[in-house]
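Note sheet for the following structure.
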Amino acid sequence: MRSQIEGSRAVAETVARCRPEVVCAYPISPQTHIVEALSVLVASGELAPCEFVNVESEFGAMSVAIGASAAGARAYTATASQGLLYMAEALYNASGLGLPIVMTVANRAIGAPINIWNDHSDSMSQRDSGWIQLYAETNQEAADLHVQAFRIAEELSLPVMVCMDGFVLTHAVEGIDVPSQEQVDAFLPPFGPQQVLDPDDPMTIGAMVGPDAFTEVRYLAHAKHLRALEVIPRVADEFATTFWRSSGGLVRPYGCLGADTVVVALGSVLGTVKDTVDELRAEGVSIGVLGLTTFRPFPYDAVRAALRGARRVVVLERALAAGMGGIVTADVCGSVPDKPITTVIAGLGGRPVTKKSLRGLLTDAVADRLEPLTFLDLKHDVVERELS
Amino acid sequence: MFEVRIHGRGGQGVVTTAELLSVAAFNEGRQAQAFPTFGSERTGAPVVGFCRIADQPIRSHEPIAAPDAVIIQDATLIHQPDVLAGLRADGYLLVNTSRSLAELGLDAVDRPDRVLTVPATELALTHLGRPLPGAVLLGAFAALTAQVRVESVIAAVRERFSGSVATGNVAAVRDAYDLARRSLQEAAHAITD
Amino acid sequence: MPVQRIKFYQTGSFAVGNRLLDPDQRSVQADTERTNSLTMGHRACQGCGEALGARYVLDAVMRATGNHAVTVNATGCLEVFSTPFPESSWRVPWLHSLFGNAPAVATGVAAALKAKGRTDVRVVGQGGDGGTVDIGLGCLSGMFERNDDVLYVCYDNGGYMNTGVQRSGATPHGAVTTTTPAGNSFRQGKSLPLIAMAHRIPYVATATVADLRDLEYKATRAMEFHGARYLHVLVPCPLGWRTASSETIQIARLATETGSFPVFEAVDGEVTDVTRIRRLRPVEDYLRPQGRFAHLFGDTPRGDVISSIQAEADRNIRTFGLVETTEVS
Amino acid sequence: MPEANSHHPYAITLDVGSSLANKTGSWRTERPVYLDRLPPCNDACPAGENVQEWVARAEEGDYEAAWRQIMVDNPFPAIMGRVCYRPCETACNRATLDEPVGINSIERFLGDEAISRGWSVVVEAPPTGKNVLVVGAGPSGLSAAYHLALRGHQVTVRDDSPEAGGMMRYGIPSYRLTRDVVDAEIQRIVEMGVRLELGTSVTDLGDALVDFDAVFLAVGAHVGRRADIPAGDSARIVDAVSMLAGLAKGEQPLLGRRVAVYGGGNTAMDVARTARRLGASDAIVVYRRTRERMPAHDIEVREALDEGVRMRWLSTIVYAGADRVRIEKMRLDESGFPQPTGEFEELDADSVVLALGQQADLALVRDLPGVEIADGVVQVDGRMMTGHAGLFAGGDMVPGERTVTVAVGHGKQAARNIDAWLRSATYEHPERPELATYDRLNTWYYADAPATLRPQLDVARRITSFDEVTQGLTAENALFEARRCMSCGNCLECDNCFGVCPDNAIIKLGPGQGYEIDLDFCKGCGLCAAECPSGAITMIRERS
């Protein structure tokens, strides 16, 4: 049933309907509303049986989730920014152990300088952690992706990170159709762990692996991600059948077919990009949008197919690899190495990505006036003063 | 698309005001989006809330730079530089005050059909006993902009609050609505006269 | 003539077993059916105190829980020597995650079991002193403060032995490590048992591998409580302490008999029982056999350091009442 | 690449096997070996008892087994438990820890238990047809007879006394050794088929050596050593041996109220204490050296002092009169030998009893060819045989300490050798293992347990009767005392090795079976050896 609620609340209620058995909470903006809402649902008995653990750090949060998952419980936590980095060691561990934990990342910049606003620096820094990464364009999708995330995670026995833009989505109140319990139950079977700490069947989980087998373990991890490229769209299809709406999957092309210029982006900025592109198309500009829902595993084939007809590609991303440029760009290049690609770094540290700016940017792009690496709305006077 | 920007101070319920407005619109079957300025403002600091209302899905999440309406929950903010920024020439302005526009130094924007003051804090104190003008202002907003019906605002208030807080707010919303209607009618008469 | 109750046996109650004891008085380790939670083929050094301590504790826990226990292990010697792929020495369900998170992982396991209604399965977290008093302290403190239903066991060998004998927060005063080449200049180090007690958790105890029966008793007793429990076990490391592999137990015994390592238990943050020193010895007897203290007795003897170590031991003796005072009847 | 496995997730799809595949025994440069060391009690026992073994049986509460283990070596547990001077307890390692195990008291308990329960010994060996004559029915002779009988030989014991027991009957006062105990333990030997011919003097060995296949001489030392003390006509000077023997035969010696006993041995104590019991108000022992140098055992001295016996150390009697003796004070020179000081003193004494030692009556062997006599005793070889083939000798008449226990040991030793000699063989004593010294033990494992004291009669009753002074232990006390044994040098199945091995490389074989080292996994750390309470494990180097 559709209701006008905050994104965090929608995610919390959706997660609750996925019946997690252990939820770990450590406060960090902007994910706090999610675990606050879950704590209320657990305290009220609405979500039961479920253990809500107030941990002492994000490192502890992921660790508790690891223990819970290894003991056969459906485990969930949420974090952002510094918190994600603080749990980085445990992230690799969760994926290395093949534990199907689902975590919301309310994307936020990383300090210093400290900044609580949205960009993708946090989750991008963990792109190689072995977690599946899904990026929500809207709050509706954010909610829906969590249901799919548990399915994907448990089918593959891999952890899944659902990324939603901090504040922009988490704190936005919108009309959202929170999946009903019946729907979720029909879609998401109870967790049947593929490995579990069980006194009746003692198992060693997490043995030390030396040079003789580490490569093989990593190879297998990669293979599992490749398998995820099949599982993710299938789950999205099944979701659409059950819930009567489309969300998730690998990529979301929007007017790509026949477009000379395609803007690749992920997250909530896609809405503004689509608005802008619609205007440009109305003015006769041949331009489309490719939203990346799945960033890890990187859907090379899907991206290549979507960009087949494009003459130029603009990758708009909310994170920067200092000394290198675009993070997503590097992966898109892997899909279409022969196409001209420009990178636009936009919206760092919460700077709004406005339609006005985008319009100017895309106009330049279409006219091939864009630098290979452009910083949207960069205050040139400030940086030049510093650089001089 | 109708875009509203709400200015107030931390602790005055700016976020709630934006949310209530979006819920009121949602209750009328429209698309709505409410969101606050994102930050770590503490009690008393100037804060801004936003609300978009449309009949098509709202995709953009950028802050509202050129609002169709500005609601000022705390008149002491009126001379802050950004408060009226981007407000269209025919945009609406709703100010919570018991003073006149002239007294506030706002003679320049004195467009009686678009600009309205309402003593929302006093109304809130009367009906609620607490100085929370947010919902009250939405009663006046409904009268001023006709973007939402007052009944939708009341429904949103009832969804959000319960007990005496709900009752008090509803009463205050009605009062504010009636007050605003009267002011607007008077202004209309003045223009026709 | 007064009749003396037959309570002393040929080897008293200090040996592992005794053919004369009633079966129910025999230790877990005397039992041929013991779990051998950490079984043979592991790659611990010769005479490893930690291997010994871990088997003692877990076998006792397994008996106490009717073989319904799950173990979470921090990174460290114990983890490395027990599970070099493709071999595992564990005969209990065992999970290794990271160096500093074993208490939190154990919490997660406990939470999962609780959510699943598996009240019959108990959780043990374990790690070395580095993983416990240093990098894992945050997680451990959180586990204590939330009173999670976990027994956390620290096997204290006074340093980072896995990485080549570096100083930890539990390295004793005066000890040479590869990062304190002139001897650890810090004082007694963190007393995690006292820190644990400050959390007012239901049960805190210390023990050593020199007194197996006491260790088994404490592991068993710990399982009688629910909530957060902490067991701190002194496990000499022949490599790091530079002692002969055959001296492991002897050195642990000297640690207690000199007052250097107080053995006690505490319930709800208050000391309830203390293992009295049977044969009080000066700390020098404990220090001298250990290569890591050799510099104290070298060409320029460090009487000052020895005195301060003795003072620390005296303080333990005083604080915990380690020496029985003559009772006037 | 393995097929994507839906059972286990990838990270652990490479299934972890057991470390049992890793044979850490290859790390070893030394290996532990179980061994038996000689416990000091066994080492010290003149009768060659396997003390530790029978104590172990007693610890288990199997008193009969314990008693039978004593009986393997010594037919007189009840007597031993009363009169043995306990070299075992002196040697006991537990003495270093706290107090020695009360071996003697346990032995007495077992001996008494055997008498009261009527436990007997059955000869299982088939008759050999060999006849052996034992001359002397004292402890040595009876011990030899017992051991020979056990081996199937026909034994005849001849003694000129009316009753058997020798010094056990005619030397040791009954308050130390009750006669019913002596009777019972001798009767048990008789019941094994040993022929006792009492009141029969053997005056010539010539016939015997022809009639019997072997002869064991054990006539003892019953002749009191005299001292030439100037004495007045009315002085009453008595010889201790005769006096004690007379008493045993029912005579009432007339010693008077004040008795001076001259000598410092156990006999002197026996006499002084007997004198008190016979009504002497004052019994004073005069000895020329100090208490430390007294040959009497400390326990005897202590009990004598308890009973009011007085001691005059560093004194010699230089003259004995009718009611007093003159003594001269002595001093010890550098070599510890007493020297006269020329200082004199007088003591009231109605009689003087000379307890200056005994001599053997060697008339029987004086003229036998091959028999060598030196220092008043018969010389024997390692087989206890005299220079005369087939003639063996033991007890007080051969060199050695003159105690019942030594005598019993002689009897056993002689019997073994006589048995071998009768079979034209040589008895080979098994090699003695290394001694289990205190430093081999890990005493931390032994609980503190003070020794159990045997109850004693109160002094008032002691000096008015010949009732037995020292009482026995209860079964419970005996058990406690037995369990104080540290099992020096021998595995006591304490499971320490099994428990302390960090590599689980000790295999416990079950009760009575001990342990085995699993060399597949033993890394040779040596903890088992270091933590073995009894020192029954040693480390030996692996051959490269």
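Values reported hereafter were calculated over all heavy atoms of this structure, with side chains retained and with hydrogens, waters and symmetry mates removed. Below, read A as the first sequence line, B as the second, and so on, with proteins coming before strands; counting in each chain starts at 1.
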| Between P202(A), A73(A), A48(A), A71(A), which shows the greatest number of heavy-atom pairs under 4.5 Å with chain C? | P202(A)
| Which atoms of V22(A) approach chain C - backbone, side chain, both or neither, heavy atom under 4.5 Å | side chain
| request: May I ask you to name which of A69(C), G142(C), C139(C) has the most heavy-atom pairs under 4.5 Å with chain A? | output: C139(C)
| remark: Tightest non-hydrogen contact, residues L95(C) and G67(A), listed as CD2-CA, 4.3 Å
| Rounded distance (nearest 0.5 Å) linking atom CG of L197(A) with atom CG of L113(C) | 8.5 Å
Write out all chain C-chain A donor-acceptor pairs shorter than 3.5 Å, or none if the list is empty.
from: T83(C); atom 1: O; to: M208(A); atom 2: N; distance (Å): 2.7
from: T83(C); atom 1: OG1; to: M208(A); atom 2: N; distance (Å): 3.4
from: F85(C); atom 1: N; to: M208(A); atom 2: O; distance (Å): 2.5
from: S88(C); atom 1: OG; to: T204(A); atom 2: OG1; distance (Å): 2.5
from: W94(C); atom 1: N; to: M203(A); atom 2: O; distance (Å): 2.9
from: W94(C); atom 1: O; to: I205(A); atom 2: N; distance (Å): 2.7
from: H96(C); atom 1: N; to: I205(A); atom 2: O; distance (Å): 2.8
from: H96(C); atom 1: ND1; to: G206(A); atom 2: O; distance (Å): 3.3
from: S97(C); atom 1: O; to: N93(A); atom 2: ND2; distance (Å): 2.7
from: S97(C); atom 1: OG; to: N93(A); atom 2: OD1; distance (Å): 2.6
from: N101(C); atom 1: ND2; to: S63(A); atom 2: OG; distance (Å): 2.8
from: G108(C); atom 1: O; to: A68(A); atom 2: N; distance (Å): 3.4
from: K116(C); atom 1: NZ; to: E21(A); atom 2: OE2; distance (Å): 3.1
from: K116(C); atom 1: NZ; to: G72(A); atom 2: O; distance (Å): 3.0
from: R146(C); atom 1: NH1; to: N54(A); atom 2: O; distance (Å): 3.1
from: R146(C); atom 1: NH1; to: E56(A); atom 2: OE1; distance (Å): 2.7

| remark: Correct closest heavy-atom pair for A213(A) and F85(C) would be CB-CE2, 3.5 Å
| message | Please enumerate all residues that pass salt bridge (charged side-chain N to carboxylate O under 4.0 Å, His left out) together with E224(C), with sequence neighbours excluded. | response | R221(C)
| What residue in V92(C), V121(C), V105(C), V72(C) has the most heavy-atom pairs under 4.5 Å with chain A? | V105(C)
